[in-house]
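Structure first, commentary second.
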Amino acid sequence: MLKIHFIKVALTVTIRVSEDILEQRMAASPSFVGEELARQVQGYVRKHELGYYPALDYFQELDALEDDLVETAQGIAWVVSELVRSEVISRLRPAFSRVEIEGMQSTAYTMPTVRPSHPNALYELAQHYTPDQVKITLMVSSIEKSANTDGMGKLAEHKVRRWLDQHFDTVIVTSSNVIHAD
């Protein structure tokens with residue numbers, strides 16, 4: 001008798017939505033918002049002589065950034081997250097027996113890796129604060145004939161890139177781990 005096995009893989013994927021798609025859905029340009037956020041953050045960092053650029057959440061209680069700009073960034077980040085959520089679920093459904101989103105965060109709200117002393121700091125900071133990209137944690141399951149999990153993480157990565165690449169500006173799988181096989 002043939003036995004089937006369910007293999008579950010956890011993936012972390014960074015997805016960037018193209019500016020063209022976002023401009024069709026909103027009035028504000030994500031890149032303009034990112035540039036303006038970077039300019040204001042850089043001014044604050046210089047004034048207070050910080051040796052790093054904080055995450056955007058750091059500024060919420062400080063009144064260091066224009067309220068309208070912060071609200072616009074939050075709105076764009078929300079639209080991007082919802083767009084990615086719906087597209088990922090609908091696009092990956094044919095590739096896997098089950099697709100679940102475990103978590104999602106706009107990368108604009110993570111800690112920037114660029115430092116103020118870097119030669120292209122303002123440009124890189126603007127890229128980081130542009131709310132057009134999300135980091136998503138997925139749990140996908142496949143039905144397989146074999147319980148052998150060798151290479152299943154890489155196979156899941158390949159499927160995710162194959163089914164999503166043509167729908168987003170960038171799709172980068174940063175990790176994949178087989179979680180369960182039965």
Side-chain angles (χ1 to χ4, degrees), residues 1-22 24-25 30-31 34 37 52-58 73-115 118 120 123-182:
M1 179 164 89
L2 181 65
K3 183 170 173 154
I4 59 171
H5 302 275
F6 296 93
I7 299 177
K8 188 182 277 190
V9 179
L11 299 120
T12 304
V13 185
T14 303
I15 297 173
R16 179 177 307 254
V17 178
S18 76
E19 183 100 8
D20 294 341
I21 290 173
L22 294 176
Q24 294 171 8
R25 290 175 164 73
S31 59
L37 283 169
Y52 67 98
Y53 292 116
L56 285 178
D57 290 342
Y58 174 84
Q74 289 171 341
I76 293 170
W78 184 84
V79 168
V80 168
S81 295
E82 290 304 306
L83 177 69
V84 168
R85 179 185 314 280
S86 67
E87 285 292 310
V88 164
I89 294 292
S90 69
R91 301 289 177 192
L92 293 182
R93 207 168 259 146
F96 298 100
S97 62
R98 187 175 180 135
V99 178
E100 297 173 44
I101 295 176
E102 295 289 310
M104 185 180 298
Q105 181 182 22
S106 174
T107 58
Y109 290 90
T110 62
M111 186 78 159
T113 57
V114 64
R115 297 288 176 234
H118 193 272
N120 294 324
Y123 172 78
E124 290 179 28
L125 193 61
Q127 294 297 305
H128 178 83
Y129 286 145
T130 300
D132 61 352
Q133 182 171 276
V134 296
K135 183 176 181 181
I136 186 169
T137 305
L138 296 171
M139 200 68 70
V140 296
S141 298
S142 294
I143 300 172
E144 302 293 334
K145 293 179 187 175
S146 168
N148 184 1
T149 60
D150 292 344
M152 291 307 294
K154 290 290 181 198
L155 179 61
E157 285 182 36
H158 174 73
K159 283 183 176 181
V160 165
R161 282 194 304 272
R162 183 172 147 231
W163 287 83
L164 296 180
D165 265 347
Q166 62 189 347
H167 303 287
F168 296 106
D169 205 27
T170 59
V171 176
I172 301 167
V173 180
T174 55
S175 71
S176 65
N177 298 302
V178 175
I179 301 297
H180 181 71
D182 67 341

May I have the step-by-step check of side-chain contact (heavy atoms from CB on, under 4.5 Å) for Val160 and Phe96, ending in yes or no? CA-CA 9 Å; Val160 165; Phe96 298 100; 4.1 Å; yes
Would you mind reporting whether [Y] and [X] have side-chain heavy atoms less than 4.5 Å apart?
X	Y	answer
Phe168	Glu87	yes
Thr110	Gln105	yes
Leu22	Val80	yes
Tyr129	Pro112	yes

Heavy-atom pair of closest approach, residues [X] and [Y]:
X	Y	value
Ala156	Val9	CB-CG1, 3.9 Å
Pro131	Ala108	CA-CB, 4.0 Å
Glu124	Val114	OE1-CG2, 3.5 Å
Ala73	Leu37	CB-CD1, 3.9 Å
Ala55	Met111	N-SD, 3.7 Å
Thr107	Lys135	CG2-N, 3.9 Å

Start with the C-alpha gap between Val171 and Val13, add the side-chain angles, then the distance that decides, and say whether side-chain contact (heavy atoms from CB on, under 4.5 Å) holds. CA-CA 7 Å; Val171 176; Val13 185; 3.8 Å; yes
Ser81 and its side-chain contact (heavy atoms from CB on, under 4.5 Å) partner, picked from Ile136, Val134, Ile15, Ile101: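 The option that passes is Val134.
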Find the distance between [atom1] ([X]) and [atom2] ([Y]) and round it off to the nearest 0.5 Å.
X	Y	atom1	atom2	result
Leu138	Leu92	CG	CG	6.5 Å
Tyr58	Leu56	OH	CG	12.5 Å
Leu83	Arg25	CG	CZ	5.0 Å
Thr170	Leu164	OG1	CG	11.0 Å
Tyr109	His128	OH	NE2	10.5 Å
Asp132	Arg16	CG	CZ	4.5 Å

Taking atom types as modelled, find out whether Ser175 and Thr12 have a side-chain donor-acceptor pair closer than 3.5 angstrom.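 Present: a donor and an acceptor within the cut-off.
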For residues Gln133 and Thr14, is any side-chain donor paired with an opposing acceptor at under 3.5 Å?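 Thr14 and Gln133 do not have a side-chain donor-acceptor pair below 3.5 Å.
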For Leu11, does its backbone N or O pair with a side-chain atom of Ser176 as donor and acceptor, under 3.5 Å?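 Not a single qualifying donor-acceptor pair exists.
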Indicate yes or no for a side-chain donor-acceptor contact from Lys159 to the backbone of Ala95 under 3.5 Å, with no hydrogens or angles considered.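 Yes, the answer is positive, given that a donor and an acceptor are paired below the 3.5 Å cut-off.
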Decide if atom CZ of Arg162 counts as having more than 12 heavy atoms of other residues, nucleotides or ligands within a radius under 6.0 Å.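 At most 12 heavy atoms, drawn from other residues, nucleotides or ligands, come within 6.0 Å of this atom.
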For Tyr52, is the OH atom crowded, meaning more than 12 foreign heavy atoms sit under 6.0 Å from it?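 Counting neighbours around OH of Tyr52, more than 12 heavy atoms of other residues, nucleotides or ligands fall under 6.0 Å, so yes.
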Answer yes or no: is there an ion pair linking Glu100 with Arg98, defined by an N-O contact shorter than 4.0 Å?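 So Glu100 pairs with Arg98 through a salt bridge.
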